[in-house]
Amino acid sequence: MAKTQLFRLWLVLGSVLTVLLIIAYWDNVGATHFYLHTSLSRPHLLEPLPTAGQGAEKELGPGVDDFLGKLLGSGAKQNDPSRKEPERPPVPGSLEESVRGYDWSPHGAQHSADQGRQQAARRSVLRDFCANSSLAFPTKGRSFDDIPNYELNHLIVDDRHGVIYCYVPKVACTNWKRVMMVLSGSLSDRGAPYRDPLAIPRERVHNASAHLTFNKFWRRYGKFSRHLMKAKLKKYTKFLFVREPFVRLISAFRSKFELENEEFYRKFAVPMLRLYANRTSPPASASQAFRAGLKVSFANFIQYLLDPLTERLAPFNEHWRQVYRLCHPCQIDYDFVGKLETLDEDAAQLLRLLKVDTRLHFPPSYRNRTASSWEEHWFAQIPLAWRQQLYKLYEADFVLFGYPKPENLLRD
C-alpha cells in the first residue's frame with residue numbers, strides 16, 4: 001500500500017513538473033503573443049523556386065521544424081471588427097494633392113489568366129539574378145543570419161493569417177500597412193479593431209509601435225528569435241511591392257522636398273543647400289525657406305545621393321534606400337512580387353490568393369502622378385556622368401525586379 005501511494009505521489013509530482021516546463025517553454029518563445037494562423041494560414045501561392053543557396057529556410061532542424069510547423073498552423077478565431085468612416089482625401093487642387101498625386105476614385109482591377117504566369121516570371125527573374133554571378137552588389141552573398149536586426153525593420157508580420165510584408169516607401173506602402181493592420185487587428189478605434197483600411201489615420205499608420213516587425217523579435221523572443229524568424233519565413237506568405245527605381249526617386253524628391261516638411265528640411269535639405277547650393281546660412285525652417293523661394297533642386301538631391309560622404313555619415317533614408325537593402329530579396333524567397341505599375345490587378349490578385357478578398361479590398365488607388373514618362377524631363381538638367389553613376393547605384397533594383405535599363409537617359 002505504501003509503495004502504491006508513493007508511486008502515485010511521484011506520478012503527480014512528475015505531471016506537475018512537466019506542465020511547469022511546458023508553461024516555461026511556451027512563455028520563452030512568446031506564444032502568448034501568437035494570434036497565429038486561421039485556416040487561411042500559408043496558402044502556398046505558388047510553388048517555391050530554387051534559391052541561390054543563401055535563403056533562410058533550409059537551416060531548421062527537423063525536430064524544431066515539426067514543432068513550429070504544428071505551432072504555426074494552429075487555429076485562432078478572427079475578430080469581427082466594426083466599421084468606421086474613411087478619412088477625407090486632400091482638397092482637390094491643393095498643393096499636397098498636386099505633389100503626392102492622390103486619386104481616390106475606384107479603379108476596376110483586371111483579372112487576367114496570365115497573372116499567375118506573370119508572378120512566376122517575376123520570381124524567376126529575381127531568383128536567377130540572385131544566383132547569377134554576373135550581377136554583383138553589396139550584401140548579395142551574405143546569409144540571412146548575417147543581416148543585422150536593425151535591417152529587418154521593414155518586414156511586418158501578421159501572425160493571424162501567416163503573412164509577411166516588406167514595405168518599400170513610395171510604393172503604396174501607406175495603404176499596404178493599413179491592410180496589414182486590418183488583417184492583424186493590431187490597431188483599434190475605441191476598443192474595436194479597424195475593419196476599413198482607409199479609416200486608419202495616416203499618422204497612426206506610420207507609428208512603428210503599431211506593427212510587429214522582425215527587428216522587434218530579439219526583445220520579444222531573445223536568442224530564439226532567429227530560429228523563429230526562419231520558421232515564419234518558411235511557413236508564411238511573403239510579399240513586397242516595387243517600382244521603377246528612378247521614378248521612385250523622383251516621387252521621393254517631390255513628396256519630401258517640394259512640400260514643407262520640417263523634419264526632412266532640417267535633416268536633409270539644410271546640408272544639401274550648404275554643400276551643393278553654396279548657401280552657408282540656410283533659413284532655420286522649411287516655412288521660412290519656402291517663403292523665400294529657397295528649395296533644394298533635383299540636381300542637389302542627385303549630388304547628395306552620389307556623394308560618398310553621404311553614406312559614410314549615415315545609411316540612405318528609407319525613402320531612397322535601394323529595395324535590395326530594405327527587403328533582402330536574395331536572402332528571403334518572396335512568394336509574391338507586386339509592382340506599382342500594375343497595382344490594381346496585383347493587389348486584387350494577392351488578396352484573392354490570401355483568401356481575404358471578401359473581407360476587405362485594397363483602398364482606392366493612391367496614384368502618384370510621377371510617371372516614367374517624366375524621367376526625361378526630370379533628368380534633362382542632370383549631367384550624363386551623374387545619370388550613369390546613379391544607374392550603377394540602383395542597378396541591382398532595376399535588374400532584380402525586371403525593369404529595363406533606361407538607355408535614353410544613359411547616353412547622349
Side-chain angles (χ1 to χ4, degrees), residues 100 126 129-130 135-142 144 146-156 164-174 176-177 205-206 208 211 213-216 238-259 261 263-269 271-272 275 296 298 300-332 334 337-340 368 370 375 378 386-387 389-403 406:
R100 292 190 184 277
L126 180 57
F129 278 108
C130 282
L135 177 66
F137 55 88
T139 75
K140 178 184 178 182
R142 67 182 178 179
F144 179 77
D146 294 328
I147 304 173
N149 285 334
Y150 66 84
E151 289 188 19
L152 298 172
N153 62 330
H154 280 243
L155 293 162
I156 297 176
I164 297 173
Y165 164 51
C166 184
Y167 74 89
V168 179
K170 307 313 303 174
V171 192
C173 78
T174 299
W176 277 117
K177 284 182 178 180
V205 172
H206 296 294
H211 304 281
T213 57
F214 265 15
N215 71 318
K216 296 178 181 177
K238 306 164 293 295
F239 77 95
L240 79 165
F241 272 72
V242 297
R243 184 181 195 174
E244 204 271 3
F246 280 3
V247 178
R248 178 173 169 245
L249 286 181
I250 297 170
S251 177
F253 173 79
R254 297 181 72 212
S255 67
K256 300 306 175 186
F257 301 109
E258 287 193 343
L259 296 174
N261 187 312
E263 177 189 358
F264 276 76
Y265 176 78
R266 290 192 301 271
K267 190 171 182 178
F268 301 106
M272 289 183 206
L275 288 169
V296 166
F298 187 60
N300 296 154
F301 179 56
I302 301 302
Q303 282 178 284
Y304 168 81
L305 295 175
L306 298 177
D307 191 338
L309 179 63
T310 298
E311 288 235 76
R312 284 204 292 268
L313 295 175
F316 275 176
N317 178 269
E318 63 178 9
H319 291 85
W320 47 84
R321 194 180 308 166
Q322 298 91 329
V323 176
Y324 76 82
R325 296 171 63 187
L326 295 172
C327 296
H328 320 289
C330 289
Q331 290 76 31
I332 296 173
Y334 284 94
V337 179
K339 293 191 174 184
L340 192 73
N368 192 305
T370 305
E375 284 185 329
W378 278 87
W386 291 12
R387 290 181 241 160
Q389 291 177 54
L390 192 68
Y391 176 76
K392 292 302 294 182
L393 196 60
Y394 289 88
E395 181 179 24
D397 282 358
F398 276 97
V399 175
L400 290 172
F401 300 109
Y403 287 103

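We're numbering straight along the sequence, starting at 1. Just so you know, these numbers use all the heavy atoms, side chains as well, and skip hydrogens, waters and symmetry mates.
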In sequence, state the C-alpha distance, the side-chain angles, and the governing distance for T213 and I156, and then conclude on side-chain contact (heavy atoms from CB on, under 4.5 Å).
-> CA-CA 4 Å; T213 57; I156 297 176; 3.9 Å; yes
When rounded to the nearest 0.5 angstrom, what is the spacing between [atom1] in [X] and [atom2] in [Y]?
X    : Y    : atom1 : atom2 : value
L249 : E375 : CG    : CD    : 9.5 Å
H319 : C173 : NE2   : SG    : 6.5 Å
N317 : F268 : CG    : CZ    : 4.0 Å
Y394 : F137 : OH    : CZ    : 14.5 Å
L393 : Q322 : CG    : CD    : 5.0 Å
N153 : K216 : CG    : NZ    : 9.5 Å

Is the shortest side-chain heavy-atom distance between [X] and [Y] below 4.5 Å?
X    : Y    : result
W386 : Q303 : yes
L305 : L390 : yes
L326 : P169 : yes
L240 : V171 : no
I302 : Q389 : no
P406 : Y391 : yes
L259 : F264 : no
P315 : R325 : yes

Please check if the side chain of [X] supplies one atom and the backbone of [Y] the other of a donor-acceptor pair under 3.5 Å.
X    : Y    : result
N300 : M272 : no
Q331 : D146 : no
K140 : L135 : yes
E258 : F253 : no
N215 : E151 : no

Cationic N near anionic O, under 4.0 Å, E318 to R321 | no
Please test C327 against I332 for side-chain contact (heavy atoms from CB on, under 4.5 Å), starting from the C-alpha separation and ending with a verdict.
-> CA-CA 8 Å; C327 296; I332 296 173; over 6 Å; no
Centroid-centroid distance, F398 to F246, less than 6.0 Å = yes
Determine, step by step, whether Y167 and H211 satisfy the ring-ring contact (aromatic ring centres under 6.0 Å, His included) criterion, reporting the C-alpha distance in whole Å, the side-chain angles of both residues, the deciding distance to 0.1 Å, and the verdict.
-> CA-CA 11 Å; Y167 74 89; H211 304 281; 7.3 Å; no
So, K177 and H206: side-chain donor and acceptor under 3.5 Å apart, yes or no?
-> yes
Heavy atoms of C130 and P329 approach each other most closely as SG-O, 3.9 Å
T139 to R142 - nearest heavy-atom pair and separation = O-CG, 3.2 Å
Sort out for me which residue in Y304, F301, Y265 forms a ring-ring contact (aromatic ring centres under 6.0 Å, His included) with F257.
-> F301
Taking it one step at a time, do F298 and I250 satisfy side-chain contact (heavy atoms from CB on, under 4.5 Å)?
-> CA-CA 8 Å; F298 187 60; I250 297 170; 3.9 Å; yes
Is the charged tip of K339 near the ring of Y403: under 6.0 Å from the six-membered ring centre and within 45° of its axis?
-> yes
Would you please test V168 and R248 for side-chain contact (heavy atoms from CB on, under 4.5 Å) and show each step?
-> CA-CA 10 Å; V168 179; R248 178 173 169 245; 3.6 Å; yes
